[in-house]
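See below for the structure under consideration.
Heavy-atom basis, side chains included; hydrogens, waters and symmetry copies ignored.
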There are 2 protein chains.
Amino acid sequence: MENQEKISQIGLDLFAERGYDAVGVQEIAENAGITKPTMYYYFGSKEGLLESILEKHFSVLFDDLETSAVYHRDVKSTLEAISRTYFSFAEQHLAFYRFQLACWFAPPQSTAFKAILPYLQKQQTLAESIFQQAAQDHGNMIGRHQRYAVSFLGIINTYIGMKIRSQIELDETIVSTAVHQFMHGIFS
Amino acid sequence: MENQEKISQIGLDLFAERGYDAVGVQEIAENAGITKPTMYYYFGSKEGLLESILEKHFSVLFDDLETSAVYHRDVKSTLEAISRTYFSFAEQHLAFYRFQLACWFAPPQSTAFKAILPYLQKQQTLAESIFQQAAQDHGNMIGRHQRYAVSFLGIINTYIGMKIRSQIELDETIVSTAVHQFMHGIFS
DNA sequence: TATGGAGTATACCGAACGGTATACAAAATG
DNA sequence: CATTTTGTATACCGTTCGGTATACTCCATA
């Protein structure tokens with residue numbers, strides 16, 4: 001593996017395990033088998049490494065969502081497709097997803113939160129547009145797209161959180177369960 | 001305000017704004033109008049301050065939950081009472097709740113996560129026991145108490161998250177909405 | 001009034017922090 | 001073959017990190 005890729009991967013692993021602020025550049029370099037100037041050559045700064053990691057992985061997620069997060073007049077199957085995309089992405093990039101969740105809930109003035117903010121907003125906007133389209137077919141959904149989007153992403157992340165804690169496996173059953181719970185609650 | 005209380009409060013504010021790792025002891029001392037040894041006199045270490053802050057606030061939350069999180073054979077009203085307790089606590093200690101959420105999702109080997117872990121487990125256990133009791137009245141809930149507990153706390157935190165981002169107000173309407181959504185989904 | 005604990009500040013510790021000036025080797029380019 | 005570009009390491013920068021040795025003031029108590 002080239003050094004640039006190696007640094008990025010080791011950086012992500014360490015950030016995901018102990019947090020952006022708690023991991024030093026020196027430590028990343030040592031674990032990647034290089035020295036600090038090499039890291040600065042490729043990423044410019046510690047923050048640059050962070051941004052590079054976020055961009056690299058989120059571009060994959062958004063590419064996936066671009067084909068799956070399309071409303072085709074069936075709320076259930078649309079939400080299931082989105083869930084599947086999130087679950088499969090999280091499973092394939094588990095360390096990244098864990099780190100991304102940590103950034104999401106990081107304090108508002110922290111470096112990690114500021115770096116992830118645009119990607120949060122993009123996810124939120126994407127989910128909102130789905131519910132806005134669905135509201136054209138389901139009158140009782142009108143005017144609630146923001147709350148639906150937040151709740152839906154919340155449930156998805158709740159289930160991915162259970163996977164992270166090894167409490168469940170993210171199989172096709174959970175896709176149905178999660179969407180069913182979102183649409184019809186825990187009863188039935 | 002006494003110095004000990006002042007340090008605790010300033011520490012929480014700074015942690016909640018920028019994160020535990022990003023805030024230095026020196027900075028806390030300056031903002032609290034004292035010097036570092038005073039902080040070390042009362043709390044022993046930076047980590048000691050963190051633990052003190054967590055213990056102080058969580059003991060209030062758990063005291064509140066002890067009287068409200070009691071299953072009385074009506075799932076809806078029980079969950080509403082728990083939600084009300086969480087919402088009201090979050091509203092009264094907004095900076096703490098924000099920080100606590102950040103610790104919750106912090107990387108598993110981070111100081112913040114390790115410090116909050118016992119409090120997470122206690123919340124989880126408490127919620128599980130409610131759903132376990134409810135399952136005695138509702139057969140279709142049997143064996144799902146863990147997932148219900150995680151989901152329920154997830155929805156509660158989703159709504160508190162919206163409050164933190166100033167997207168909603170946590171009034172009595174939201175209590176009903178959140179519980180209704182948990183039990184019956186977004187439809188109806 | 002003497003004694004001791006509680007609380008606070010000055011001034012310092014070694015280590016780690018993010019970042020860089022410089023030199024140099026290899027590889028691509030004219 | 002000469003020259004530039006790309007990539008890497010050594011050795012260093014000033015700053016800040018968490019933490020502390022020491023001394024001092026104040027106040028309660030004997």
Can you give me every donor-acceptor pair (side chain of residues 108-121 of chain B, partner residue at least two apart or in another chain, under 3.5 Å) with its distance?
from: Ser110(B); atom 1: OG; to: Pro107(B); atom 2: O; distance (Å): 2.6
from: Ser110(B); atom 1: OG; to: Phe113(B); atom 2: N; distance (Å): 3.2
from: Tyr119(B); atom 1: OH; to: Glu55(B); atom 2: OE1; distance (Å): 2.6

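- When the C1' atom of dG7(C) is taken as reference, atom CD of Glu2(B) falls 12 Å away, rounded to whole Å.
- Residue-environment remark: NZ (Lys56(B)) exceeds the threshold of 12 foreign heavy atoms within 6.0 Å.
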What nitrogen or oxygen pairs link the protein and nucleotides 23-28 of chain C at under 3.5 Å?
none

Going 5' to 3' through nucleotides 6-20 of chain D, assign each nucleotide B (protein heavy atom under 4.0 Å from a base atom), S (under 4.0 Å only from sugar-phosphate atoms) or - (no protein heavy atom that close).
SBBBB------SBBB
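- Contacts of Tyr148(B) classified as ring pair (Phe, Tyr, Trp, His ring centres under 6.0 Å), with partners at least two apart in sequence or in another chain: Phe131(B).
- With rounding to whole Å, Lys6(B) atom NZ is found 17 Å from dT8(C) atom C1'.
- With sequence neighbours excluded, the residues that form a side chain to side chain contact (heavy atoms under 4.5 Å, CB included) with Thr173(A) are Asp171(A), Thr177(A).
- Applying the ring-ring contact (aromatic ring centres under 6.0 Å, His included) test to pairs two or more places apart or on separate chains, those with a residue in residues 16-39 of chain B are Phe15(B)-Tyr20(B).
- Pairs passing the salt bridge (Lys or Arg N to Asp or Glu O under 4.0 Å) check and including a residue from residues 8-35 of chain B, sequence neighbours excluded, read Glu17(B)-Arg98(B), Arg18(B)-Glu27(B).
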Got a list of side-chain donor-acceptor pairs under 3.5 Å for residues 87-94 of chain A, not counting sequence neighbours?
from: Ser88(A); atom 1: OG; to: Gln92(A); atom 2: NE2; distance (Å): 3.3
from: Glu91(A); atom 1: OE2; to: Lys163(A); atom 2: NZ; distance (Å): 3.4
from: His93(A); atom 1: ND1; to: Phe89(A); atom 2: O; distance (Å): 3.1

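- Within the structure, the salt bridge (Lys or Arg N to Asp or Glu O under 4.0 Å) test picks out the following pairs touching residues 127-138 of chain A (sequence neighbours left out): Arg73(A)-Asp137(A).
- Annotation: ring pair (Phe, Tyr, Trp, His ring centres under 6.0 Å) contacts of Tyr41(B) (sequence neighbours excluded): none.
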Pairs under 3.5 Å (N/O, protein and nucleotides 27-29 of chain D):
none

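- Judged as a salt bridge (Lys or Arg N to Asp or Glu O under 4.0 Å), not a single pair has a partner in residues 58-68 of chain B (not counting sequence neighbours).
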